[in-house]
Amino acid sequence: MGAVLAMMEGADPAKVALLATLHDTQETRVGDIPWIGRRYLTAASNEDVTADQVADSHPRVADGIKSLIAEYEARETPESQVAHDADLLDCALQGLEYLQQGHVQAREWVNSTKAKLKTSSAIALADAAKGMTITEWQRTYLR
């Protein structure tokens, strides 16, 4: 999804795909703390977890991965913005699937996630998905 959004936005699809691949690796160490849990728990920063994960790696590999994670977290480059939107769009689509399965409480999740999208392409895809079933979405956009 990130590579496709990158093509739509004129960003580097390969870099976006790499950012998207690496952006959640920290969860292998600290888990994915739900938003309500963040009121009570403090996890190490993604940059600190990444530094620990790559501490014994080849120096160029460690530096490269740390740099990519820092870029993703800063969200200043077009590629990091697109990669972040791809992650959010994936969450919104998951929420839409839950809605279609009858989980009405997912509506707030879908709406709040969609509101965080920044790129015009991700917003357009999220809007298109709201008017389709998940099966229609897959047939149209994932052929």
Side-chain angles (χ1 to χ4, degrees), residues 1-100 103 105-143:
M1 191 177 308
V4 169
L5 279 176
M7 290 178 222
M8 294 171 74
E9 289 290 318
D12 179 350
K15 187 163 191 185
V16 170
L18 185 56
L19 288 167
T21 299
L22 295 173
H23 87 280
D24 270 345
T25 59
Q26 303 82 14
E27 289 179 13
T28 63
R29 301 279 171 99
V30 297
D32 187 8
I33 302 170
W35 68 271
I36 193 74
R38 291 184 192 133
R39 293 172 56 188
Y40 309 101
L41 302 171
T42 303
S45 72
N46 285 342
E47 293 89 345
D48 288 346
V49 174
T50 298
D52 184 59
Q53 288 174 312
V54 299
D56 295 328
S57 299
H58 185 284
R60 280 186 248 160
V61 172
D63 290 345
I65 291 174
K66 288 190 285 187
S67 174
L68 288 163
I69 295 303
E71 179 178 349
Y72 180 84
E73 294 297 331
R75 296 184 195 136
E76 294 173 353
T77 65
E79 287 76 16
S80 63
Q81 292 166 2
V82 168
H84 186 68
D85 267 11
D87 185 43
L88 290 171
L89 184 57
D90 179 54
C91 288
L93 292 173
Q94 183 179 7
L96 287 171
E97 189 169 350
Y98 290 161
L99 279 171
Q100 290 173 21
H103 303 283
Q105 297 301 320
R107 172 63 57 205
E108 182 180 344
W109 175 29
V110 171
N111 292 340
S112 64
T113 301
K114 184 185 175 290
K116 295 174 188 172
L117 295 172
K118 303 288 187 221
T119 62
S120 60
S121 299
I123 293 166
L125 289 175
D127 286 340
K130 285 176 84 172
M132 301 177 161
T133 67
I134 290 299
T135 304
E136 290 170 329
W137 165 262
Q138 291 170 345
R139 284 187 195 135
T140 302
Y141 293 104
L142 301 179
R143 287 186 202 190

Test your reading of the model: is there a side-chain donor-acceptor pair from [X] to the backbone of [Y], 3.5 Å cut-off?
X: Q100; Y: M132; value: yes
X: S67; Y: D63; value: no
X: D85; Y: T119; value: yes

Flag the pair [X] / [Y] as yes when at least one side-chain heavy-atom distance between them is below 4.5 Å, and no otherwise.
X: L125; Y: L5; result: yes
X: L93; Y: E97; result: no
X: T77; Y: K15; result: no
X: E27; Y: V49; result: no
X: E9; Y: V16; result: no
X: T50; Y: Q53; result: yes
X: Q81; Y: K118; result: no
X: K130; Y: N111; result: yes

Which value, rounded to the nearest 0.5 Å, describes the distance between [X] atom [atom1] and [Y] atom [atom2]?
X: D127; Y: S120; atom1: CG; atom2: OG; result: 11.0 Å
X: L99; Y: Q105; atom1: CG; atom2: CD; result: 9.5 Å
X: N46; Y: D24; atom1: CG; atom2: CG; result: 8.0 Å
X: H23; Y: L68; atom1: NE2; atom2: CG; result: 13.0 Å
X: S80; Y: I69; atom1: OG; atom2: CD1; result: 11.5 Å
X: L117; Y: H84; atom1: CG; atom2: NE2; result: 8.5 Å

Salt bridge (Lys or Arg N to Asp or Glu O under 4.0 Å): pairs with one or both residues in residues 35-52, sequence neighbours excluded
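Passing the test, one end in residues 35-52: R29-D52, D32-R38.
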Which heavy atom of [X] sits nearest to which heavy atom of [Y], and what is that distance?
X: E136; Y: G131; value: OE1-O, 4.4 Å
X: A86; Y: G2; value: CB-CA, 3.6 Å
X: V110; Y: A92; value: CG2-O, 3.9 Å
X: C91; Y: T113; value: CB-CG2, 4.0 Å
X: A20; Y: A83; value: N-CB, 4.3 Å
X: P13; Y: A3; value: CB-O, 3.8 Å

Going by ring-ring contact (aromatic ring centres under 6.0 Å, His included), name the pairs with one or both residues in residues 107-128, residues two or more places apart or in two chains.
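Every ring-ring contact (aromatic ring centres under 6.0 Å, His included) pair that includes a residue of residues 107-128, provided the two are not neighbours, is Y98-W109.
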Checking side-chain polar atoms at under 3.5 Å, does S45 have a donor or acceptor matched by the opposite partner on E73?
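Judged by distance alone, the side chains do not pair up.
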